[in-house]
Amino acid sequence: MAKVLIDNATISSVQRALGKAPLKEPALLDIEHVALARFCETVLLNDSIVVPDNYKAELTAKRKELITAPNGYPWV
């Protein structure tokens with residue numbers, strides 16, 4: 001299977017959909033749920049997922065903790 005890159009915007013949407021990050025506009029929750037669904041599909045259907053490790057330093061640890069898989073998807 002192909003290697004898949006998940007961008008920071010998708011990770012942020014997943015955090016908001018799961019209630020791990022504040023949602024400024026509740027009307028956009030449906031969009032966040034779509035991002036969560038796409039993220040889940042990506043995790044389930046691909047062998048290799050890469051997430052850039054270039055987000056704000058003070059928030060990176062929580063982001064990694066939230067989406068680190070047991071098989072350890074790499075942060076690059």
Side-chain angles (χ1 to χ4, degrees):
M1 287 193 185
K3 188 177 281 192
V4 178
L5 173 70
I6 298 179
D7 65 329
N8 281 310
T10 301
I11 300 301
S12 295
S13 289
V14 167
Q15 286 183 299
R16 289 188 294 268
L18 295 174
K20 303 291 183 180
L23 182 64
K24 294 179 183 174
E25 181 57 52
L28 299 178
L29 188 57
D30 288 343
I31 295 170
E32 309 301 0
H33 284 149
V34 170
L36 177 59
R38 297 298 168 259
F39 176 79
C40 292
E41 290 170 2
T42 300
V43 170
L44 292 172
L45 300 175
N46 291 284
D47 291 331
S48 181
I49 298 172
V50 178
V51 181
D53 192 9
N54 60 356
Y55 199 67
K56 300 172 186 171
E58 64 272 12
L59 301 175
T60 297
K62 287 186 178 185
R63 291 167 71 87
K64 285 182 180 181
E65 182 181 310
L66 177 67
I67 66 163
T68 298
N71 63 349
Y73 293 127
W75 285 80
V76 294

Novice: Please enumerate all residues that pass salt bridge (Lys or Arg N to Asp or Glu O under 4.0 Å) together with E41, with sequence neighbours excluded.
Specialist: R38
Novice: With sequence neighbours excluded, what pairs up with D30 under the side chain to side chain donor-acceptor pair (under 3.5 Å) test?
Specialist: none
Novice: Is there a chain of hydrophobic side chains (I, L, V, M, F, W, Y, each step under 4.5 Å between heavy atoms) that links V43 to L36?
Specialist: yes
Novice: What residues, two or more places apart in sequence or in another chain, satisfy side chain to side chain contact (heavy atoms under 4.5 Å, CB included) together with K62?
Specialist: none
Novice: Please identify each residue that fulfils side chain to side chain donor-acceptor pair (under 3.5 Å) with E32, with sequence neighbours left out.
Specialist: S13, R16
Novice: With sequence neighbours excluded, what pairs up with E58 under the side chain to side chain contact (heavy atoms under 4.5 Å, CB included) test?
Specialist: K56
Novice: Can you tell me how far the NZ atom of K20 sits from the CD1 atom of I11, to the nearest 0.5 Å?
Specialist: 14.5 Å
Novice: Hydrophobic cluster mates of L23, side-chain heavy atoms under 4.5 angstrom, ILVMFWY only, any path?
Specialist: L29
Novice: Count I, L, V, M, F, W, Y as connected when their side-chain heavy atoms are under 4.5 Å apart, and connections chain through other members. Are I49 and L18 then in the same cluster?
Specialist: yes
Novice: Would you compute the distance between atom OG of S12 and atom CG of N8 and round it to the nearest 0.5 angstrom?
Specialist: 6.0 Å
Novice: A35 and T10: which non-hydrogen atoms are nearest, and at how many Å?
Specialist: O-CG2, 4.4 Å
